[in-house]
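Reviewing the structure listed below.
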Amino acid sequence: MMSPDAIRTKFATALSEMYRLEAPRYRDLVDLVRTVNGEVLRARPDLRKQLEDSGELDSLAVERHGAVRVGAAAELSVLRRMFAMMGMAPVGYYDLSVAGLPVHSTAFRPITEDALRRHPFRVFTSLLRVDLIEDKALRAEVESILARRSIVTPACARLLDLFEEKGALTDEQCAEFVSEAVETFRFRPQATVSMAVYRKLSAAHPLIADIACFSGPHINHLTVAAIDIDAVQRAMSAQGLDPKDSVEGPPARRNPILLRQTSFRAQPEPISFNEPREAAHGMHTARFGEVEQRGAALTEKGRALYDRLLDKALAAPKELKLDDVFAAFPDDVEAMRRERLAFFRYRPTEKGLRAAGEWAASRSVEELLGAQALSAEPITYEDFLPVSAAGIFRSNLDGLAGAKALARASRTVFEAALGCAVIDPASLYEAAEADSLAASLDALGLSRGAAEAKERDDFRR
Ligand code: OOG
Ligand code: NI
């Protein structure tokens, strides 16, 4: 029987193949990133070795994430069921009204380190807030268009039911599920509405047209991993790949934090409209390609500092560079750990293990680290950032007016639509850190004192 990780791998591979054919410029981006990654690795053998050792070198070529947008509660909940089969759970809640966008979102993703290593694919999934459409007639029209469509194929629906009933499917059924699931995300350039309706919805908001005028939630971008995202940004400009103006997220650092992203702007593509009499054609601009580079996951304290500095940078005059504002965020792994700004994974060292059982005299984690019985490295951030996500959205929507203040979204409403609660990302990093520490202390023969040692350590901080 195929594991959820194997199903996700198969699905991500199939989706990637489909999108490379649908969006030729995305294929150019994948080639460009591969070339730039190769150059960086040649110039920095140390980095190459590090990636090799952590097993990340081989997975550099696979997509890290993609994004889709749905229009109705039933659509969001059926996606939750599909992604559950692929070992992906909804993590995080992102209210994009803060950036003037009428959607709220989550990311379906693997939640364990092992699963992420087996295949890191996640799907940033947004739900349209139909309630924000002020014009009542227009809102009713959008609701009825969405009520008429079904975003999964009949075979996919049948296999989902079967899986939920039996708890597993045969390999053959899994393979069929994957090829049916991919159909949900295929772009069909035949709009389901007339040109007049398309124009009306676009005028209300380009996102509404993208979400409601087609047969389903087409994949709107896929994202590959860069080792040096600034080098990729420069190469995109040099090759005329029309990158967005700037890289989203924190500035470049020696010790990366959170997530940095860039993309090429969405490409207009020909579509046809659903007209009763003669054929009508137009262009639709929504689909693009993205690059990401991930760094350390931040604690609540670290994240608060990041958010404060980002606000300051966004409000600051142009002359004040992001780098200057972010000088206030320590760019030193030890400082980040000691000040509890980032989450860390602890490991016993060889020296520590050789003397296992003899560390009782070390009274704290700090002492164990000092004695080189323990090592600590930052845990990678596996989630998204609302301000950055909004920046990605904005640079890919055609004809977007200035950000308008919108009523804040409700997580409760989102979770009701989803059919379950979203997982708090911080709880995953906290657990990963605590588990790694407990396992390390255990391996050093300190298991009983573990909780105490940690407590003392926290107290000393
Ligand atoms: C999603 C944009 C957000 C990211 O990487 O932050 C996103 C969308 O355009 O639907 O994918
Ligand atoms: Ni993205």
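Indexing begins at 1, ligand by ligand and atom by atom, following the structure's order.
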Has Glu292 got an N, O or S atom lying less than 2.8 Å from the Ni ion (ligand 2)?
-> no

Geometric N/O contact Ser388 with ligand 1, under 3.5 angstrom = no

For Ser126 and ligand 1, does the shortest N/O to N/O distance drop below 3.5 Å?
-> no

Any non-hydrogen atom of Asn220 lying under 4.0 Å from ligand 1?
-> yes

Report yes or no: does Glu248 have a heavy atom closer than 4.0 Å to ligand 1?
-> no

Closest non-hydrogen contact found for Gly66 with Phe121 is N-CE1, 3.6 Å

Has Arg69 got its NZ or CZ under 6.0 Å from the middle of the six-membered ring of Phe214, at an angle within 45 degrees of the ring axis?
-> no

Passes salt bridge (charged side-chain N to carboxylate O under 4.0 Å, His left out), Arg337 versus Glu433? Steps please.
-> CA-CA 12 Å; Arg337 195 187 58 76; Glu433 182 181 272; over 6 Å; no

Taking only non-hydrogen atoms of Phe384 and a 4.0 Å limit, the atoms of ligand 1 in range are 4 (C), 5 (O), 6 (O)

Which of the atoms in ligand 1, numbered in the order shown and given with their element, are less than 4.0 Å from a heavy-atom of Glu290?
-> 4 (C), 5 (O)

Atom 5 (O) of ligand 1 sits nearest the protein heavy atom Gln261 NE2, 2.6 Å

Among all protein non-hydrogen atoms, which one is nearest to atom 9 (O) of ligand 1, and what is the separation to 0.1 Å?
-> Arg69 NH2, 2.7 Å

Decide yes or no for Tyr381 and Tyr429: does some side-chain heavy atom of the first lie under 4.5 Å from some side-chain heavy atom of the second?
-> yes

At a non-hydrogen distance cut-off of under 4.0 Å, which region of Ala389 contacts ligand 1 (side chain, backbone, both, or neither)?
-> both

Partner of Tyr19 by ring pair (Phe, Tyr, Trp, His ring centres under 6.0 Å), out of Phe185, Phe187, Tyr26 = Tyr26

Salt-bridge test for Arg149 and Glu75: reply yes if a basic N is under 4.0 Å from a carboxylate O, no otherwise.
-> yes

Pair Arg287 + Glu269, salt bridge at N-O below 4.0 Å | yes

Do Glu22 and His218 have side-chain N/O donor and acceptor atoms under 3.5 Å apart?
-> no

Among Arg287, Arg122, His221, which one has a heavy atom closest to atom 11 (O) of ligand 1?
-> His221

The Ni ion (ligand 2) - closest N/O/S atom in Glu290 = OE1

